[in-house]
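What follows is one structure encoded as structure tokens, with my remarks underneath.
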Amino acid sequence: MATVGRCAMKNYSTDFPKLGKVATIQLMHFEYDPSSVEAKWQERWNEAHVYEVDLQKAKKPYFTHVMFPYPSGDKLHIGHWFNYSPADTFARFKRMQGYDVFSPIGFDAFGLPAENYAIKTGVPPQQSIPENVRTMITQLKRIGCMYDWNRMVNTSHPEYYKWTQWLFIQMFKNGLAYKKKASVNFCPNCQTVLANEQVKEGCCERCGTPVIQKMMEQWFWKITQYADRLLQGLDQLDWPEKTKTMQRNWIGRKEGIDITYAIEGTKESVTCFTTRPDTNFGVTFIVLAPEHPFVKKILIGELKSDHKKEIAAYVSASLKKTELERQEEGMSKTGVCTGFYAVNNLNNTKIPVWVSDYVLAGFGTGAVVGVPGHDLRDFQFAQKFKLPVVRVVVTSDGDTSAIEREVQVQEESGTMINSGFLDGLDIHEATEKIMDHLEEKGWGKRIVTYRLRDWSIGRQRYWGAPIPIIYDPEGKPHAVPEKNLPWLLPQDVEFKPKGTAPLAQSKELFARTEKIFGKGWTPEVDTMDTFVCSSFYSFMYLGATNERGEYREPDVTKNVLVDPVLEKKWMPVAMYIGGAEHACMHLIYARFVTMALKDFGFVSHEEPFKKLVHQGVITNKGAKMSKSKGNVVSPDAFIERHGSDVFRMYLMFMGPFTDGGDWSDTGIKGISRFIQRVYKLIQPLGESDKMNNKSVQEDVSVKRALHKTIKQVTESLETLHFNTGISGLMELLNVLEKAEYVSVETAQTFTKLLAPFAPHLAEELWEILNNVSFRAQSRSDTSSDFIINKPWPSFDPSLLVTDTMTIVIQVNGKVRGDVQVASDASKEEIIASAKQNENVMKYIQNGIKKEIYVPGKLVSFVI
RNA sequence: GCCGCUGUGGUGAAACGGUAAACACGGAGGACUUAAAAUCCUCUGCCCGUUACAGGGCUUCCCAGUUCAAGUCUGGGCAGCGGCACCA
């Protein structure tokens with residue numbers, strides 16, 4: 001129809017509608033044109049700085065943000081929208097509830113995704129990243145989120161990364177950063193070391209290449225020192241249980257004992273870690289990891305072994321295997337005998353010492369006792385190499401070993417046999433008793449182990465914050481003095497990875513180091529893992545001052561990472577929203593760094609995120625959307641056609657926020673219709689003088705429906721059930737459309753309820769309704785202020801009570817009818833009238849055994 | 001293998017232990033239109049029954065249990081998803 005866009009062209013001025021328009025308006029078919037209206041309000045919000053918060057003056061601080069994106073070359077995809085728009089709806093709701101909501105956004109601009117994009121396009125990251133950031137800012141602004149753009153952060157900006165470097169220096173000074181030669185995960189494709197957390201199923205988290213183990217001199221941060229605190233802190237957090245469990249499992253605290261065995265005919269001993277010392281009488285062999293020091297001594301000839309050749313071949317072969325190959329070998333065990341024997345002091349038996357790569361160098365002591373009677377892996381090893389199997393536990397069903405059924409069962413209960421002084425004891429009692437015994441004799445020592453490894457933070461890549469370390473001519477590391485920060489990322493390097501750290505090629509970096517520190521001094525050439533940059537960015541938001549990524553406190557020598565007053569006031573983040581995939585990466589690093597910063601005295605809180613929510617994943621035909629699969633759905637076409645409001649509402653309406661779901665655009669029409677219908681209902685109110693007609697009264701049922709909706713939408717938003725919130729608004733719209741008369745007050749309240757979901761349309765309608773109110777001189781909300789600054793409506797509980805109510809009648813649990821009664825009817829009256837129901841009477845003829853009345857709900861007869 | 005989550009119409013989904021399927025999509029029929037789109041109205045879980053109304057039976061992955069009453073609580077299966085995994 002020709003009127004498309006017509007409404008969009010008028011009404012933007014605050015001029016009153018001309019008289020005489022009323023009659024024609026009712027005949028016209030109005031359509032809402034989102035593209036111009038959304039642009040208009042985005043501009044006005046921007047001009048009025050509505051979403052900027054005065055952090056000092058704010059009275060009811062509410063700090064919320066989403067996990068910031070990395071600026072790769074791709075545009076914002078559905079996943080971003082599914083994360084950001086519901087988060088924004090929640091932030092708007094909180095703001096209307098009267099909180100000073102601080103909702104910033106930034107860019108995780110260092111690291112592999114950004115750098116890989118640069119490598120692919122051949123454009124250096126220092127050039128392409130700012131471009132991508134600019135594009136993404138434009139796109140983010142089109143969503144219409146209430147971001148405080150004055151406090152944007154960008155981790156690749158020197159103003160930011162000097163604080164990343166400052167953080168490293170604090171870690172170094174406090175003994176939490178150290179360099180050591182260790183077997184580390186290495187991705188041959190990305191040409192860099194990876195942290196344990198960044199290896200998924202033996203492959204690189206970023207590119208999927210099988211990861212290999214490499215001995216390298218690397219920088220680590222001592223996250224293991226915080227293992228127990230990271231574990232305990234979880235109990236206080238309002239986080240999804242699933243995420244807390246994942247962190248608990250990742251930390252993997254285990255209590256056990258280190259038992260030391262003398263090796264016959266040598267002065268050597270081997271220490272094995274076990275959590276099941278109760279089965280120690282069943283030990284028939286010992287297995288060492290190929291990297292174990294005892295094995296090394298054999299290889300260098302310090303210990304004489306007849307099997308040296310086989311051992312050497314085995315060790316070199318297994319060191320070449322990738323993580324994936326080790327895993328794929330699965331159940332088939334390999335290994336070689338060393339020819340040495342250990343002595344089990346408990347029963348004075350001689351047990352052979354073997355080498356096998358099913359024992360991991362990095363866990364426990366890198367040596368285990370083989371208990372083939374009660375451990376599947378040991379059993380398989382024993383079978384393969386014809387080693388004896390001894391059973392020492394009888395389970396309750398009389399089975400001496402689960403192994404007999406070819407399944408590994410970690411007995412939860414059972415009784416000891418074949419175990420000397422432990423015989424007859426329950427396995428738990430036996431565990432305690434033998435640990436006491438071993439400690440008394442000096443053969444063992446109770447110990448707690450963790451699965452958690454120290455965080456390997458060095459990367460042999462270009463696009464990251466340089467590690468602020470310099471080496472003196474003796475090779476001893478020193479921190480770059482704070483006054484020399486930012487320790488700039490050199491520009492004179494080829495950024496494409498070649499297996500060595502790109503910074504090592506920088507003449508400028510080496511010259512700079514010698515110039516400042518003297519001849520013979522050299523710089524560290526690794527850069528930091530991007531997860532270091534993102535481990536403290538919430539604090540950085542509080543110190544950011546503008547959209548260019550500059551900060552309030554540029555001087556790192558003052559050690560003020562964040563203004564302590566602001567930090568106390570705003571942290572921890574009240575609501576943090578982002579993907580569950582960060583459960584054991586970013587979310588554990590950020591907690592560790594916050595704890596360390598607290599211990600160093602720079603911040604007052606120990607946990608960064610008080611409440612955490614994960615949005616679900618949007619898939620396409622069941623598969624995760626990814627560029628490589630070519631199944632990424634772009635939001636652009638939908639926004640072009642329906643506008644941001646409709647698109648974000650559709651994403652919220654699709655299903656529960658935390659569930660995600662499979663993408664399909666079949667329902668977006670429903671939301672688009674809803675938006676049009678809302679406009680069609682409310683827009684004419686702004687043009688007519690209908691509301692001045694005092695002879696027409698709004699029906700009480702309309703008020704009642706309105707208040708029911710206020711309650712429903714408020715509760716839905718509080719619990720992030722956006723889908724049911726929207727359906728509540730739809731139900732109300734259905735009522736309003738059928739009503740003969742809708743008051744301006746009702747329309748205003750409806751618009752407020754709509755505001756967090758469809759902010760642009762709500763502002764538009766608010767403006768329209770305010771013009772009317774102003775003319776009518778009858779409203780208090782007459783200012784031309786934004787709807788986002790208006791208070792969230794509250795409901796009147798008395799309006800939720802109706803005069804009559806429907807009581808359902810059940811007989812033996814089956815519904816047999818219902819009855820209308822007055823709201824204030826007594827139990828007796830209600831039961832009496834229930835018995836009068838014609839259909840019910842058929843069933844209760846033979847007498848009633850029991851009568852149950854659930855107030856306001858139902859009557860249940862048992863016959 | 002271990003840990004966690006999920007399972008409801010043709011579809012996305014609702015449902016303080018209390019009328020299962022709200023809201024929406026899709027579908028069918030109708031109105032308007034030269035026509036299409038858009039819009040509006042009616043119907044829409046399955047089966048029996050009736051000209052029509054009434055009625056009745058069945059139904060939330062499967063099997064038990066608790067309860068006047070179970071999608072919801074308990075136990076045991078099955079299926080799917082996610083995390084961890086040769087971790088001693």
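Letters A, B, ... are given to chains in the order of the sequence lines, protein chains preceding strands, and every chain is numbered from 1.
- No donor-acceptor contact under 3.5 Å links the side chain of Lys242(A) to the base of rC3(B).
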Write down the protein N/O and nucleotide N/O pairs, taken from nucleotides 63-66 of chain B, whose separation is under 3.5 Å; answer none if there are no such pairs.
none

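- The separation of rA14(B) from rU8(B), taken at their C1' atoms, amounts to 10 Å, rounded to a whole angstrom.
- Other residues, nucleotides and ligands place no more than 12 heavy atoms under 6.0 Å from the NZ atom of Lys445(A).
- Distance, Phe657(A) CZ to rA13(B) P: 15 Å, rounded to whole Å.
- Taking the six-membered ring where the residue is Trp, Phe363(A) and Phe273(A) present perpendicular rings, their angle passing 60° and hence far from 30°.
- Here the CZ atom belonging to Phe757(A) is positioned 11.5 Å from the OG atom belonging to Ser85(A), to the nearest 0.5 angstrom.
- Between Asp378(A) and Lys333(A) there is no salt bridge, since no side-chain nitrogen of the basic residue lies less than 4.0 Å from a carboxylate oxygen of the acidic one.
- Pair assignment for rU19(B): none, as no Watson-Crick or G-U wobble contacts are both less than 3.5 Å.
- For rC53(B), there is no paired base (Watson-Crick or G-U wobble, both distances below 3.5 Å).
- Across all strands shown, rC5(B) forms a Watson-Crick or G-U wobble pair with rG80(B), both key distances being under 3.5 Å.
- The partner of rG26(B) is rU44(B), judged by Watson-Crick or G-U wobble contacts that both fall below 3.5 Å.
- Of the residues Phe294(A), Phe385(A), Phe285(A), the one that meets the ring-ring contact (aromatic ring centres under 6.0 Å, His included) test with Trp354(A) is Phe385(A).
- Residue contacts shown for Lys624(A) are absent, as no nucleic acid heavy atom lies under 4.0 Å away.
- Across every strand in view, rA35(B) sits unpaired, with no contact that passes the Watson-Crick or G-U test at under 3.5 angstrom.
- Contact check, Arg248(A) against rC84(B): no side-chain N or O comes under 4.0 Å of OP1 or OP2.
- Distance from the side chain of Val854(A) is smallest to rG18(B) among rG56(B), rC3(B), rG18(B).
- Within the 4.0 Å cut-off from OP1 or OP2 of rG83(B), not a single side-chain nitrogen or oxygen of Arg451(A) is found.
- Nucleotide rU60(B) has no partner under the Watson-Crick or G-U criteria, as no pair reaches both atom distances under 3.5 Å.
- Arg648(A) forms no cation-pi arrangement with Trp81(A), by the criterion of a distance under 6.0 Å to the ring centre and an angle within 45° of the ring axis.
- Comparing the P positions of rC16(B) and rC73(B) gives a spacing of 12 Å, expressed to the nearest Å.
- With rC3(B), rU39(B), rC84(B) as the choices, the nucleotide that has an atom nearest any side-chain atom of Lys680(A) turns out to be rU39(B).
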So which protein nitrogen or oxygen atoms get under 3.5 Å of nucleotides 20-27 of chain B's nitrogens or oxygens?
from: rA22(B); atom 1: O2'; to: Glu731(A); atom 2: OE1; distance (Å): 3.4
from: rA24(B); atom 1: OP1; to: Asn734(A); atom 2: ND2; distance (Å): 3.4
from: rC25(B); atom 1: OP1; to: Arg673(A); atom 2: NH1; distance (Å): 2.4
from: rC25(B); atom 1: O3'; to: Thr666(A); atom 2: O; distance (Å): 3.4
from: rC25(B); atom 1: O2'; to: Thr666(A); atom 2: O; distance (Å): 2.8

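- Straight-line distance from the CD1 atom of Ile251(A) to the P atom of rC3(B): 19 Å, rounded to whole Å.
- Rounded to whole Å, the C1' atom of rA28(B) lies 13 Å from the corresponding atom of rG10(B).
- For the P atom pair drawn from rU59(B) and rA70(B), the interatomic distance equals 11 Å after rounding to whole Å.
- By the neighbour-count criterion of 12 heavy atoms within 6.0 Å, atom NZ of Lys624(A) is sparsely surrounded, having that number or fewer from other residues, nucleotides or ligands.
- Counting non-hydrogen atoms of other residues, nucleotides and ligands closer than 6.0 Å to CD of Gln820(A) gives a total above 12.
- Distance NZ (Lys384(A)) to P (rC86(B)): 18 Å, rounded to an integer number of Å.
- Rounded to a whole Å, the CG atom of Asn249(A) is 7 Å from the C1' atom of rC84(B).
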**Request:** Please test Tyr261(A) against Trp443(A) for ring-ring contact (aromatic ring centres under 6.0 Å, His included), starting from the C-alpha separation and ending with a verdict.
**Result:** CA-CA 8 Å; Tyr261(A) 298 88; Trp443(A) 298 331; 9.5 Å; no
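- When each of rG83(B), rC58(B), rC84(B) is scored by its nearest atom to the side-chain atoms of Met246(A), the top-ranked nucleotide is rG83(B).
- Straight-line distance between the C1' atoms of rG76(B) and rG83(B): roughly 25 Å, to the nearest whole Å.
- The pair Glu255(A)-Arg446(A) does not meet the salt-bridge criterion, since no charged nitrogen lies less than 4.0 angstrom from a carboxylate oxygen.
- Distance, Glu737(A) CD to rU39(B) P: 12 Å, rounded to whole Å.
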**Request:** For the pair Phe638(A) and Trp663(A), evaluate ring-ring contact (aromatic ring centres under 6.0 Å, His included) and give the outcome as yes or no after the intermediate values.
**Result:** CA-CA 13 Å; Phe638(A) 298 98; Trp663(A) 171 257; 5.5 Å; yes
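- When the C1' atom of rC5(B) is taken as reference, atom CG of Asp659(A) falls 9 Å away, rounded to whole Å.
- Counting only heavy atoms from C-beta on, Ser860(A) has its side chain closest to rC68(B) among rC3(B), rC68(B), rC58(B).
- Look at the P atom in both rG80(B) and rC23(B): the space between them is 35 Å, to the nearest Å.
- Atom CD1 of Ile863(A) and atom C1' of rA69(B) are 15 Å apart (whole Å).
- Distances shorter than 4.0 Å separate none of the side-chain N or O atoms of Lys814(A) from OP1 or OP2 on rG57(B).
- Summarising the base pairing, rU66(B) is matched to no nucleotide, lacking a Watson-Crick or G-U wobble pair whose two defining distances lie under 3.5 Å.
- Tyr32(A) has no side-chain polar atom (N or O) that falls below the 4.0 Å cut-off from OP1 or OP2 of rA38(B).
- If you take atom C1' in rC53(B) and the same atom in rU72(B), they sit 36 Å apart, rounded to whole Å.
- Spacing of C1' atoms, rC40(B) relative to rG45(B), comes out at 27 Å, to the nearest Å.
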